Structure formats: structure tokens, C-alpha cells
Number of protein chains: 2
Amino acid sequence: MATLVTPEQFSPVADAEAIRNAVQGLGTDEKAIISILGHRNAAQRKLIRTAYEEIYQEDLVNRFESELSGEFERAVYRWMLDPADRDAVLANVAIKQSIIDFRVIVELSCIYSPEELLAVKRAYQARYHHSLEEDLAARTSGDLRKLLVALVGIYRYDGNEIHAGLAYAEAQNLHYAKEKFDHDAITRIVSTRSKAQLMATFNCYKDYFTISISKHLADDAENQYVTAVRTAIKCINDPRKYYEKVLQSALNKPGGTDEDALTRVIVTRAEKDLKDIKDLYCKRRSVSLDDAVAYVTSGDYKAFLLALLGKEN
Amino acid sequence: MATLVTPEQFSPVADAEAIRNAVQGLGTDEKAIISILGHRNAAQRKLIRTAYEEIYQEDLVNRFESELSGEFERAVYRWMLDPADRDAVLANVAIKQSIIDFRVIVELSCIYSPEELLAVKRAYQARYHHSLEEDLAARTSGDLRKLLVALVGIYRYDGNEIHAGLAYAEAQNLHYAKEKFDHDAITRIVSTRSKAQLMATFNCYKDYFTISISKHLADDAENQYVTAVRTAIKCINDPRKYYEKVLQSALNKPGGTDEDALTRVIVTRAEKDLKDIKDLYCKRRSVSLDDAVAYVTSGDYKAFLLALLGKEN
């Protein structure tokens, strides 16, 4: 379930006009912006952006970039782009970091549907005039590169059929590959099989070896490749649990909150399953996600995230 | 240019009825089938198949399978399927051979457009309930697997922009990788860069090292991986020249014609660029492709291929 709360009545023109009032003149009325955009879904935001451009001959996203600042601006920017375009930007930002944030890439491959991933790849090409695959390949190396490029390159089968014999055989293969450090064999299975098939394989693994594959791999957790594989396994097995963990790490990062990850999860999931992630967070951490977010953020950024989290004012 | 000659007037119902007459009763009138289907494009064939099914409550492709035989039946079958579905079948057949025919896979990645390749991957999943990538990965191994899975997995950027600096740098990278047998580096470049960028890189290579990359790699031509990379390079550089060579090899294969490759090239290119391939063949071999095909084939199979080649009766 989503957390985003949208109004029953909606007029893109009225919203565009209200936003114009908020950004015009001296100072910006951030509260007005949050009260509108924090309660509009992707289709509505697109209509607002179009209406704004038609009326004022100006791109709303550009205007926000010059009017807003800091984490709030970044969050609004990500929120205002078309979802596929936004994910292309997130992927590009992740790739360009000095240490690539491979979680963003793994999420695209292991949580998004094949069609959603394809839309992101199209948006990436339209925006950067490169393929996501080539930029990723050019900025990584070794086994990690092979894994990430394969993950993001593959157009996965999305059906629910499971081949029990194959699940058993590939559970053995994975175990053998783990023991022999045969990363190519692990990459082949994790990057090409359907999610349903992989879940069956991971279940087989646990039944047969009495340890989950993720835990089994953890003894080599220093290795970046292994960390990326474990991320993929977690994303495939239980996306909500995975996101809950990302939020928990972001909120409690030693040295300060990881706003990048915090914004990413809230912005990308608010219209999808953020309610379930919130519930899981509350259950596991004995504190509400709203309160945890409110504790480490401030100002307009805080108000915006809480609006997306569905917290009533 | 295509070789296929289609009539100005076309009625799917009249064609369906004529084909019904040809397949009904004792014996089959193969000539009638060839005279119709050998002169209909993909959209027309689809309409005929639909009309036939509506009128006779029977799938025409299934009917052909039981009425026709041998190479002729295989060629008609490939011709009657939707192009993406047919290519999915060709890929599946290529993968299932004891020694995989990687040319079929490389063609999909290096000659077909990214959208065409995507359509084949969708058709493959609809037909086999697996992804093309996973079947390919499960039946290959080592560096060849990495190359083929990467080639077919990637959604290439299709733009024409060329980065001259990158072409120069990657020509050096390829040369270094060739000397060091660093297949991963070669795979990364060939499978992720756009075709336009790769052509620029290969040109740089030739300018700088005074030998084409394909020729340079040839000293290791025993190696299956190297052969596949060279196939990819040829497909990217000049698809027509590549297909001309495939036809030449198929027609002159020691031990007998390679009908599989012969049918594949004629069926898949008749509506695209078979005229250019024919012209090139005639220029290079000093014999017309029609005559060369007529020399090694016979019966209905021969008549059908010649019809697709646009040879007037």
C-alpha cells in the first residue's frame, strides 16, 4: 500500500497557479509547495508541470531548481520528474559517485518489473545519450562489473512458473560456486533466472543446507561483489524488508543521516508500498518511521518527507 | 532493398481460400502455396493466417506442418510466423544444438535494432516461458557465455553520436586486451557501446595499428570466443557483407549445403536488404545468388527460395 494521500478534487491549472504564487516575488512559500505536491500522484504532477509550462512558458522543474535549495530541492526534483526519468537520474548519480552505490542498480534489476527497468533504460538513453549499461560498465571493474551489467542488462522472464528440479540443481550449483569462489556461476544464475525461480532456488538452498544463501555468503562480506550479490538476493526475496533495512541504515548512519538513500526510498515507494515498509519498520524498531524521520531531519525537507509518508499535519 | 515481390491487389480471404484448396484432399499443391506465400509480406501473411483461422477454424501453420515436409516445410514455417516469433524460434534452435550456432545470437544483438531485439526477447518469453538470456546462459560456458549473454542482454543506445576521444581510448583498450587475452575487457566494449561508437572505435583501431581489429584477432581464430567476437565485429561493421559471407559458406559447405543458414538468411532478409546482399554476392563471386541457390537445392524448397529471392518464373 501507498502512503501518498491525494485529494478527490484536482485541477492542474489551479495547482499551477498556486505554485506560481508560491515561487513568485521575494522569498518562496515552501509550505504551499509541500501542501500541493506532497499530495499529488505521478500522473497529477505531470499534468501540473504541463499546465505550468503552458501558462507561464517556463519549466517548473527548472524554476524549482533556482528557487529551492539543499536536500529539500533535491527531494522535490526527484519527486517532480517522471518516475522512469527520475530513476534514470538516480542511477546516473549512483554510478558517478567515487564509490558506486550499487544498491540503486540492484533495485532496478531485482525489485522493479522488467518493463519498469526497460522504461528506466529508455529514459536514461534519452537523457544522457548513452546506455545505462555502457556507463555502468565503464565505471566498474572485475566481478562486480560483470554482476551489475548483467543484472541491469537482462530482460528477465516475469512469469510465475517454477521448475522444482532446476531450483534444486541451481541451489547445489550456487553452493558449489560459493565454496569455489566461482563468481561467474553465481552471476549467471542470479542475473538471468526469473524472480519466482530464484525464490524457489533460495528456498531449496535453505532447506538443503540449513542456512540461507545470504547468511552463508556473509562470511565473505568484506568483498564488494559478495555484498552486491547479497543485496540482489535480499531484493528478490523480500523488497519491503530490504527497503526497511535501507531506511534503518540511512537514518542511523554513523556520522550523519544518509539523505540520499532516505529521499530515494521515500520518493520512489510513496506511491507503491511505503505503507507496508512503514508498518514493518514500526514492528521491527518499535518506533514509527515518521518519528524516526522527524528526529533526524528538519525544516522544509522534513515537512516534505512527512507529507509523502502520509503523516497528517 | 528487399527482393520480395508483392502484388498490388491483395485479399486475405481469397488467399486463405486458395491455400485451403491447395492443402485439401489427396496430395498438396505446393506450387500454389509458393505462388501465394512467396509473394506476400509479413503483414499480409499475418492477415492470411487470421483469415484462414476464422474461416476454417484451424491454424494454418499447424496445417502446413502436417502437409509439408523437409526443408520446404521448415522454410514455410519460418516464413509464416510473425518475424519476432520466428526469430525467437531461430534463437531457440540455435541454442539447443549440440554446438550452439552463436551467429544467430550475434545477429540479433549486432544487426537487429535494440527494439527488434527486444521484440524477439518478448516473443521468446511468450513462447518458451523462459528468458532468452537464461536459456543461453544455461547452455554455454566460460568467456563465450559472458559475451553472448551480454550481447543479447544489453539494450544498446541507438543514437548516432560519436565520441572521438572515447573511440581512440577504447581502440587502445581493445588492442591491449587482445595482447593480454583480457576477454572481459573486449566483451565489455563490444557488448555495451552503441553501434555507431563501435564503428568509430574499429576505424580508429585500423588507423592506429594499421590492421583491422578483425584481422588482428584472426591469429587466434581457433578460439570459439574469438570467433564469436569477430562475428560481432563483422555484423556491426557491415551486415550485408556479413550475410553475403554466411550465404557463401552455407552454399559451399564441405559435406553438403547448410540449409539452416541458407533458409535463415533468405527468410529473415527477403523483406529487408536481400537485394543488396544478392548484388554483393554477384559482384564478389561472379555468379548470381539465384543460380548458386538453384544449383544446390531442388524441388519445392528450391522454388520457394527462388520466389523469395525475387526470381521471376
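We name chains A, B, ... by the order of the sequence lines, and we start the count at 1 in each one. This is a predicted model, so every value here is computed, not measured.
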With side chain to side chain donor-acceptor pair (under 3.5 Å) as the test, would you mind laying out the steps for Y124(B) and D135(B) before giving the verdict? CA-CA 10 Å; Y124(B) 193 99; D135(B) 283 356; 2.7 Å; yes
Is Q125(A) close to chain B through its backbone or its side chain, or both, or neither, when contacts mean heavy atoms under 4.5 Å? both
Where does [X] contact chain A at under 4.5 Å (heavy atoms): side chain, backbone, both or neither?
X	answer
A137(B)	both
R193(B)	both
R145(B)	side chain
E133(B)	both

Would the Y225(A) and H183(A) ring centres measure less than 6.0 Å apart? yes
I want to know whether H163(A) and H129(B) have ring centres closer than 6.0 Å. no
Look at Q197(B), K146(B), E170(B), E161(B) and state which one has the largest set of heavy-atom pairs under 4.5 Å with chain A. K146(B)
Highest number of heavy-atom pairs under 4.5 Å with chain A among L136(B), D184(B), V152(B) belongs to D184(B)
For residues 208-215 of chain B, tabulate all N or O donor-acceptor pairs below 3.5 Å that involve a side-chain atom, not counting sequence neighbours.
from    : atom 1 : to      : atom 2 : distance (Å)
S212(B) : OG     : K215(B) : N      : 3.1

Just by distance, do the side chain of [X] and the backbone of [Y] share a donor-acceptor pair under 3.5 Å?
X	Y	value
D59(A)	N62(A)	yes
E271(A)	A42(A)	yes
K121(B)	G153(B)	yes

Close approach to chain A in residues 82-118 of chain B, criterion heavy atom under 4.5 Å: E115(B), L118(B)
Heavy-atom neighbours of D207(A) CG exceed 12 at 6.0 Å: yes
Side chain to side chain contact (heavy atoms under 4.5 Å, CB included) partner of Y243(A), the single match among I266(A), I277(A), D238(A): I277(A)
